[in-house]
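Input: a single structure, listed below in structure tokens.
Start at 1 with the first residue, then count along the sequence. In what follows, every heavy atom counts, from backbone to side chain, and hydrogens, waters and symmetry copies are set aside. If you're wondering where the values come from, they're calculated on a predicted model, not measured in any experiment.
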Amino acid sequence: MKRRRSFLTAVILVVVLIYSSLLLLLMWVERPEPTSSINTFIDALWYSVATLTTVGYGDITPVTPLGRAIGTVFVLLSTGILVTLVSALISFLASEGFPLLRLSFQKRKNWYYFADTGIESATLARQILQSDDQAVIIYGQSRNRMEAPPP
């Protein structure tokens, strides 16, 4: 868990560094151009946010070829971010969201959630089912299982 958290922190730092570098590069490339509307870091940030959120007001646009290439990177990043967020939401709903929603309709039963389907969790689930006839077992890895595996 600690290794995963440090990896995630490193990835976030790298993404922020790349994003900030792209903003600074965009500002540096566009500033000398007299017709450019991107003259400050805030202008570059506004342009990137409008692009990444796919709003694209058009009030600030790059005019140099390198600025447009950086704008293309922002457009591609917005597509990747949007796809990542939608897939993460669908993955959560499919693995844990729907079973937990089904549990909310069974309020009179005692329910237990197991994150894995290993031998230990199956043994414990069998013991719970033998001692409690109102028990419902949910497995996180096996999406549609509502009871423990047979002994």
So Ile90 and Val86, side-chain contact (heavy atoms from CB on, under 4.5 Å) or not? Walk me through it. CA-CA 6 Å; Ile90 289 172; Val86 169; 3.8 Å; yes
Only counting residues at least two apart or in another chain, list the ones meeting side-chain contact (heavy atoms from CB on, under 4.5 Å) with Val16. Ile12, Ser20
Those residues that, when tested against Leu89, pass side-chain contact (heavy atoms from CB on, under 4.5 Å) (two or more places apart): Leu93
Go through the structure and list residues passing side chain to side chain donor-acceptor pair (under 3.5 Å) with Trp46, not counting sequence neighbours. Asp59
CZ of Arg126 to OG1 of Thr123, rounded to nearest 0.5 Å, is 5.0 Å
Could you work out, with side-chain contact (heavy atoms from CB on, under 4.5 Å) as the rule, every residue matching Leu25, not counting sequence neighbours? Trp28, Val29, Ile70
Worked verdict on Leu23 versus Ser48 for side-chain contact (heavy atoms from CB on, under 4.5 Å): CA-CA 8 Å; Leu23 290 175; Ser48 71; 3.4 Å; yes
Would you say that more than 12 heavy atoms from the other residues, nucleotides or ligands in this model lie under 6.0 Å from the CG of Leu13, or not? yes
Does the side-chain contact (heavy atoms from CB on, under 4.5 Å) test come out yes or no for Phe41 and Leu26, once each step is laid out? CA-CA 9 Å; Phe41 184 80; Leu26 180 63; over 6 Å; no
What is the distance from atom CG of Leu77 to atom OG1 of Thr51, rounded to the nearest 0.5 Å? 10.5 Å
Show the nearest heavy-atom pair for residues Tyr47 and Gly71, with the distance to one decimal. OH-CA, 3.3 Å
Residues in side-chain contact (heavy atoms from CB on, under 4.5 Å) with Leu124, at least two apart? Phe114, Gln127, Ile128
For Thr40, all residues meeting side chain to side chain donor-acceptor pair (under 3.5 Å), sequence neighbours excluded: Asp43
Counting C-beta onward and ignoring hydrogens, is there a side-chain heavy-atom pair between Val49 and Leu45 closer than 4.5 Å? yes
Indicate, with yes or no, if Val83 and Val73 share a hydrophobic cluster defined by side-chain heavy-atom contacts under 4.5 Å among Ile, Leu, Val, Met, Phe, Trp and Tyr. no
For Leu129 and Ala135, work out which heavy atoms get closest and say how close. CD2-O, 3.7 Å
Identify whether Ile60 and Leu24 are in the same connected component of the hydrophobic contact network (ILVMFWY, side-chain heavy atoms under 4.5 Å). yes
Contacts of Ser121 meeting side chain to side chain donor-acceptor pair (under 3.5 Å) (sequence neighbours excluded), chain-then-number -> Asp116
Show every side chain to side chain donor-acceptor pair (under 3.5 Å) that has at least one partner inside residues 63-75, sequence neighbours left out. Glu30-Thr64
Kindly write out the residues that satisfy side chain to side chain donor-acceptor pair (under 3.5 Å) with Asn39, not counting sequence neighbours, or none if the list is empty. none
Give me each pair satisfying ring-ring contact (aromatic ring centres under 6.0 Å, His included) with a member in residues 61-86, each pair once, sequence neighbours excluded. Tyr19-Phe74
When clusters are formed by joining ILVMFWY residues with side-chain heavy atoms under 4.5 Å apart, either directly or through shared neighbours, do Val15 and Phe7 land in the same one? yes
Are Leu66 and Ile18 connected in a single hydrophobic cluster, I mean Ile/Leu/Val/Met/Phe/Trp/Tyr linked by side-chain heavy atoms less than 4.5 Å apart? yes
